[in-house]
Structures are given as C-alpha cells and as structure tokens.
Amino acid sequence: MSSINIQYLKSLFEKAIAVPTGFTPLELTLILAGLLVIGLALIFRGNMTWKIIFTVAGLYLGGYFAYNIVHTLGLTQVPVIVAVAIGAVIGAVILTFVVRLGLSAGFGYLVYIVAIDVFHIQFYYALGGAVIGFGIAYILYKDFVHVVAGIVGAFAVYYALIKLGVAPLYAESAAALAYVVGVAVQEWEKRRKKRLRKDLRNEKEEVREERKN
C-alpha cells in the first residue's frame, strides 16, 4: 500500500490534464473543428455550455483521481466502479464550485485594481469594494457567466480559425462578430423569458381575481 501525499496528487493532476501529441493532420483538423464548435456553443449558449463543460471535466477528474487512489492504497475491498462513480460526482461538485469561486474572486480583484489604480481610493475602502464585488459576482454568477463564457468561446473560435489556416484579420472579425451576436441573442432570450414569466403571473392573478368575483 502506497501513501498519498501532495506530490502524488500533483503528479496525478498533471497526468490528467496532459495534452496528447503526435496527431495526424486529419485528427488535428477534427480536433480544431471540435474546438470551433465548442467555442460557438460557449458564445451562443454560454450558461448551458459552461455548465456542461465543467461538469464533464469535474466528472473526469474526480473519477480519474478516485481510480488511481483506490489502486495506490490497495483498497481491493472497494468496488472500483463504485469508487470511480463517487469520485466523479464529488469532482463535478467541487470543480463547479471552484470555478464559481474563482470567477467571483477575479471580479473582486478587478474591482480592487480599478479602485486603487484608476480612482486612487484608500486601501481599506478598495478592499471593502473588492469584498462587495466578490459577493455580488458570487450571487449573480448565473447572470453574468454567459459573458465570460462568450469571451472564452471567442478566443477558442479565433484560435481554431487561425490553426485551420484563416487569415488573422478574418479570424478576429469572425470571433468578434460571433461574440457580439451571441451575447445579444442570449440577452434577448433572457428578457423574453422574463416577460413570459411576468405575463404568466399576471394571467394567474387575473384568474384568481375572476374566481373571487
């Protein structure tokens, strides 16, 4: 039975995220096409795609760690499939939380930098603003994550197009246009859903009023 330490966990993580090499031109083209599709999905369906990507990544990492740890510790009495399933679920939950925490912390840090460098606000006030910014970003995570996902998607689209041989100017223009249209479409859909929910509530209230009368 081997021991589990930080160095071992670090090596497991590095192996889990290691990018394979030696692809054939056809395989590389297919991978870039897949990256292009994922990028467009992040741009036009940010919230859903973002959630799917990190859920799948969490499932993979959690299952990978659980499988290796069970074998390293020699836990033969634990069914491997059960350990992998439990690890996958835990990994998905943890990674989803870490991503939300990281984005919120990044927004709080941005608030701090702007307060210090742009408005020259005193340190303690800037720190307070950063904490408030973090809290707001954490609470409103679902309302702005599609913007972040869109930015990531735009970079993915740009990179895939460049590697597929598209001229940089056209690749930049396509990524920028897709981002603007994608975010606009999602904002329109959000407002449309809000109007529909509001209309539905009004209809229910009208029905209740009619029944009372």
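All values below were derived from every heavy atom in this structure, side-chain atoms included, with hydrogens, water molecules and symmetry-related copies excluded.
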Least distance between heavy atoms, [X] atom then [Y] atom:
X      : Y      : value
Gly39  : Ala156 : CA-CB, 4.0 Å
Ala66  : Val84  : CB-CA, 4.1 Å
Asn68  : Tyr64  : ND2-O, 2.8 Å
Ala130 : Gly108 : CB-O, 3.2 Å

How far does [atom1] of [X] sit from [atom2] of [Y], to the nearest 0.5 angstrom?
X      : Y      : atom1 : atom2 : answer
Leu12  : Ile69  : CG    : CD1   : 6.5 Å
Leu28  : Leu32  : CG    : CG    : 4.5 Å
Tyr138 : Leu103 : OH    : CG    : 12.0 Å
Gln7   : Lys10  : CD    : NZ    : 5.5 Å
Tyr158 : Leu35  : OH    : CG    : 13.5 Å
Leu200 : Arg195 : CG    : CZ    : 14.5 Å

Are any of the side-chain heavy atoms of Phe23 and Ile31 separated by less than 4.5 Å?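 Yes, close enough: below the 4.5 Å cut-off.
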
Validation row: Leu101, Phe134 side chains within 4.5 angstrom (heavy atoms):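 Counting from C-beta outward, Leu101 and Phe134 do come under 4.5 Å.
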
Mark yes when over 12 heavy atoms from residues, nucleotides or ligands other than Ile81 sit less than 6.0 Å from its CD1; otherwise mark no.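 Atom CD1 in Ile81 is not packed in, count stays at 12 or less.
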
Please check if atom OH in Tyr60 has more than 12 non-hydrogen atoms from other residues, nucleotides or ligands closer than 6.0 Å.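 Correct, the count exceeds 12.
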
Test side-chain contact (heavy atoms from CB on, under 4.5 Å) on Tyr67 and Val80 and set out the steps. CA-CA 7 Å; Tyr67 176 83; Val80 175; 3.5 Å; yes

Mind running side-chain contact (heavy atoms from CB on, under 4.5 Å) on Val166 and Ile162 for me, showing each step along the way? CA-CA 5 Å; Val166 178; Ile162 288 292; 5.8 Å; no

Relative to the ring of Phe65, is the ring of Phe13 parallel (under 30°), tilted (30 to 60°) or perpendicular (over 60°)?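 Phe13 vs Phe65 ring planes: tilted.
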
Fellow cluster residues of Leu196, listed by chain then number, with links counted only when side-chain atoms sit under 4.5 Å apart: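 Hydrophobic cluster check, Leu196: no partners found.
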
Connected hydrophobic set around Tyr109, excluding itself, where side chains approach under 4.5 Å: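 Tyr109 clusters with Tyr112, Ile113, Ile116, Phe123, Tyr124, Leu127.
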
Only pairs under 3.5 Å count here: list side-chain donor-acceptor contacts from residues 42-55, not counting sequence neighbours, and write none if there are none.
| unit_1 | atom_1 | unit_2 | atom_2 | d |
| --- | --- | --- | --- | --- |
| Arg45 | NH1 | Glu189 | OE1 | 3.4 |
| Arg45 | NH2 | Glu189 | OE2 | 3.2 |
| Asn47 | OD1 | His146 | N | 3.4 |
| Asn47 | ND2 | Lys142 | O | 2.8 |
| Thr49 | OG1 | Ala41 | O | 3.1 |
| Thr49 | OG1 | Arg45 | O | 2.7 |
| Trp50 | NE1 | Tyr141 | OH | 2.9 |
| Thr55 | OG1 | Lys51 | O | 2.6 |

Does any N or O in the side chain of Lys198 come within less than 3.5 Å of the main-chain N or O of Lys193, such that one atom is a donor and the other an acceptor?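 No.
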
Glu27 side-chain N/O to Thr24 backbone N/O, donor-acceptor pair under 3.5 Å: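 Here the side-chain-to-backbone pair exists.
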
Kindly indicate, with the supporting measurements, whether the criterion side-chain contact (heavy atoms from CB on, under 4.5 Å) is fulfilled by Tyr179 and Val147. CA-CA 9 Å; Tyr179 175 76; Val147 177; 3.3 Å; yes

